[in-house]
Amino acid sequence: RGLAAAELDRPVAKQAKLNRGPTRVVLLTNMVGPGEVDEDLQEETEEEAAKFGKVRRCLIQETPGAPDSEAVRIFLEFEKVDGAAKAYAAMNGRYFGGGAGGGRLFGGA
């Protein structure tokens, strides 16, 4: 009984959980702030994402009026679900330019 109670009090290690079922699209946020999108961002992002699988498309959308952490959204469409899952696991919570980037699997592509 004492051991079980002690285990409940122990902090649980953070694990990357997939937000949705299998999808080929990853949505990245908080990689850059509003107004910081430049001509190199798409190429640099595609290059980094290609480490996890073949990228079909990279779309960058800046949303005026959104909170700073959500204002620039980067959608990465991978050829395979496996590539998207690997990219999500590696890039979610990773620090970009001083802030922790967010990631989630998007839609059912």
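Along the sequence shown, residues carry numbers from 1.
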If you apply the rule side-chain contact (heavy atoms from CB on, under 4.5 Å), what do you find for I74 with C58, and how did you get there? CA-CA 7 Å; I74 302 174; C58 175; 4.0 Å; yes
Let me see the working for E70 and T63 under side-chain contact (heavy atoms from CB on, under 4.5 Å), right down to the final yes or no. CA-CA 8 Å; E70 295 277 331; T63 307; over 6 Å; no
Verify side-chain contact (heavy atoms from CB on, under 4.5 Å) between M31 and V72, making sure each step is shown before the conclusion. CA-CA 8 Å; M31 286 184 60; V72 178; over 6 Å; no
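The environment of CZ in R56 is crowded: more than 12 heavy-atom neighbours from other residues, nucleotides or ligands sit within 6.0 Å.
A distance-only check finds no donor-acceptor pair linking the side chain of E46 to the backbone of V55 [under 3.5 Å]. E62 contributes a side-chain N or O that, together with a main-chain N or O of G35, makes up a donor-acceptor pair within less than 3.5 Å. One N or O on the side chain of E36 and one on the backbone of G33 form a donor-acceptor pair closer than 3.5 Å.
P64 is linked by a side-chain contact (heavy atoms from CB on, under 4.5 Å) to nothing, counting only residues two or more places apart in sequence or in another chain.
Of all heavy-atom pairs spanning A71 and P34, the tightest one is CB-CG, 3.8 Å. Here the closest heavy-atom approach between residue A87 and residue F78 is recorded as CB-CZ, 3.5 Å. Between T23 and A84, the shortest heavy-atom contact is O-CB, 3.4 Å. Between D68 and N30, the shortest heavy-atom contact is O-OD1, 4.4 Å. Heavy-atom minimum distance, E79 versus R24: O-CD, 3.2 Å. Of all non-hydrogen atoms in F75 and Q61, the two that sit nearest each other are CE1-OE1, 3.6 Å.
A side-chain contact (heavy atoms from CB on, under 4.5 Å) with L76 is found for one member of L59, T45, V25 and no other, namely T45. Applying the side-chain contact (heavy atoms from CB on, under 4.5 Å) test between I60 and each of V32, L41, L28 identifies L41 as the sole match.
Distance CG/D38 to CD/E44: 6.5 Å, rounded to 0.5 Å. If you take CD on Q42 and CZ on R57, they are separated by 10.0 Å, rounding to the nearest 0.5 Å.
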